[in-house]
2 protein chains.
Amino acid sequence: MPKKVDHEARRQEISEALWRLASARGLEGASLRDVAAEAGISLGRLQHYFRSKDEMLLFALRHINRLAGDRIRERIEALPGEPTPREVLRACLSGMLPLDERSRVGVLVGAAYFTRAAYDETLRAEAKNGIPQLRTLFADQLRRAAERGELPPERATEDEAMLLIGMVDGLSTYVLLDVYDGRTALRMLDGHLARLFEVNGAAAGAPVAGGG
Amino acid sequence: MPKKVDHEARRQEISEALWRLASARGLEGASLRDVAAEAGISLGRLQHYFRSKDEMLLFALRHINRLAGDRIRERIEALPGEPTPREVLRACLSGMLPLDERSRVGVLVGAAYFTRAAYDETLRAEAKNGIPQLRTLFADQLRRAAERGELPPERATEDEAMLLIGMVDGLSTYVLLDVYDGRTALRMLDGHLARLFEVNGAAAGAPVAGGG
DNA sequence: ACTTTCACAAGTCGCTTGTACCGTTATAAC
DNA sequence: GTTATAACGGTACAAGCGACTTGTGAAAGT
């Protein structure tokens, strides 16, 4: 038997090259030759690791979804001490906004995939994948906040959790379109959270200062 | 001089063929030949009305934006009697959701353009175009509601208006992804409006029943 | 009647695309 | 040392792309 190569690692490298191109020129603007060139390998080699373009796109989508999940989890664990539900929520939501280069690429790639997912059933199934998890995570935090008296109980719903996800998505959209910048989006997010966590007209939960 | 043809009308017909394809297969899946076939004309004729593909895409974007604006205005005017600010807001916002086939195509096309706009400056400038108008319209309604005592004054801000736009955008995204359906999105939108229009823990403004 | 010019249809051009396939090298097993 | 096979690099190919050119018929102006 000849030498063995870590296929998973090679595939991830190629995926990352694809993301760089997709965030700069869109998914359709990234041909196999372009991706190979960006990854610094030959077209033949790329084809050795992905039998077709669709296979590459699907792998890259799964990979970026996995990284996005890791990122969320990292941000939660990075919170100091015993974080309040509100702090957890803010960390997750602000982590989904395109505030730095890394998350900007992530959101751009996600948008590119979304457009395809709208008419590609395979991609759509994959893109929807993480949403229920995220909704559950957020709903859990809302319930926890309600138990602590930091949130009116009637606001601790799955709908509210879903609304939060949708809102961050909408904010991200307009940041990418340069309608406003990341700081403004963050301010609007904080405004929404502040009103969400209002109990009898007063702020509740731990307000958080600064940071992305 | 030979016979004269209404160029504007021809261009609109071609644009509509493009939308049908774009909503079904995405913008990149619509070649000039495909659009011509969908419009039932020859490639040569299409090129007679659009010198380049970019010109066609730009015209179609402007056209769909104009129709979207018309739709909003129609919905406001269709409201019976002297509509409250809340009724106006709900009519506009629900009109932006992909609830029927027409608006579904509109949102799909908008999404396809958005993906391109992320890395195409010309399209981005055009796509941003209607936003400030919409924000102003919404902010005006919020202020009017605050004056009528139906909304706490501190919520009558430009940020709140922008947040509404972003939220509908996010909801639309997930409707297209089949995460939930249009009715659910509408329920979530109504939930948000209900809380927005809460004064001292009680509902204010005119609650609206049913309808899209 | 003649000319001009619009409104097309059809074909061609150079280029890029995804995919298939061939040839070569290197390495591990026997 | 032979063989089998993973790991490539390189090339060829059919299809499709946008852009461009050419040809034709007809109607309006003179």
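The sequence lines fix the lettering, A, B, ..., with proteins before strands; numbering per chain opens at 1.
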Examine the side chains of [X] and [Y] and answer whether a donor and an acceptor come within less than 3.5 Å of each other.
X        : Y        : answer
B/Asp169 : B/Ser172 : no
A/Thr84  : A/Arg144 : no
A/Arg116 : B/Thr115 : no
B/Arg66  : B/His63  : yes

Item to check | Cation over ring face, A/Arg86 and A/Phe197, 6.0 Å, 45° | outcome: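 Flagged: A/Arg86 positioned over aromatic ring of A/Phe197.
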Next on the checklist: Taking the basic N atoms (NZ, or NE/NH1/NH2) and the acidic carboxylate oxygens, is any pair closer than 4.0 Å for A/Arg11 and A/Glu55?
Outcome noted: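 Salt bridge: yes.
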Checklist entry - Which nucleotides of nucleotides 15-22 of chain D have their base under 4.0 Å from a protein heavy atom (B), which only their sugar-phosphate (S), and which neither (-), written as one string 5' to 3'? => result --BBBB--
Under-4.0 Å side-chain N/O to phosphate OP1/OP2 contact, [X] with [N]:
X       : N     : value
A/Tyr49 : D/dA7 : no
A/His7  : D/dA6 : no
A/Arg45 : D/dA7 : no

[X] [atom1] - [N] [atom2] separation (whole Å):
X       : N      : atom1 : atom2 : result
A/Leu46 : C/dT19 : CG    : P     : 11 Å
A/His48 : C/dG23 : NE2   : P     : 18 Å
A/Arg11 : D/dA7  : CZ    : C1'   : 15 Å
A/Ile41 : D/dC8  : CD1   : P     : 8 Å

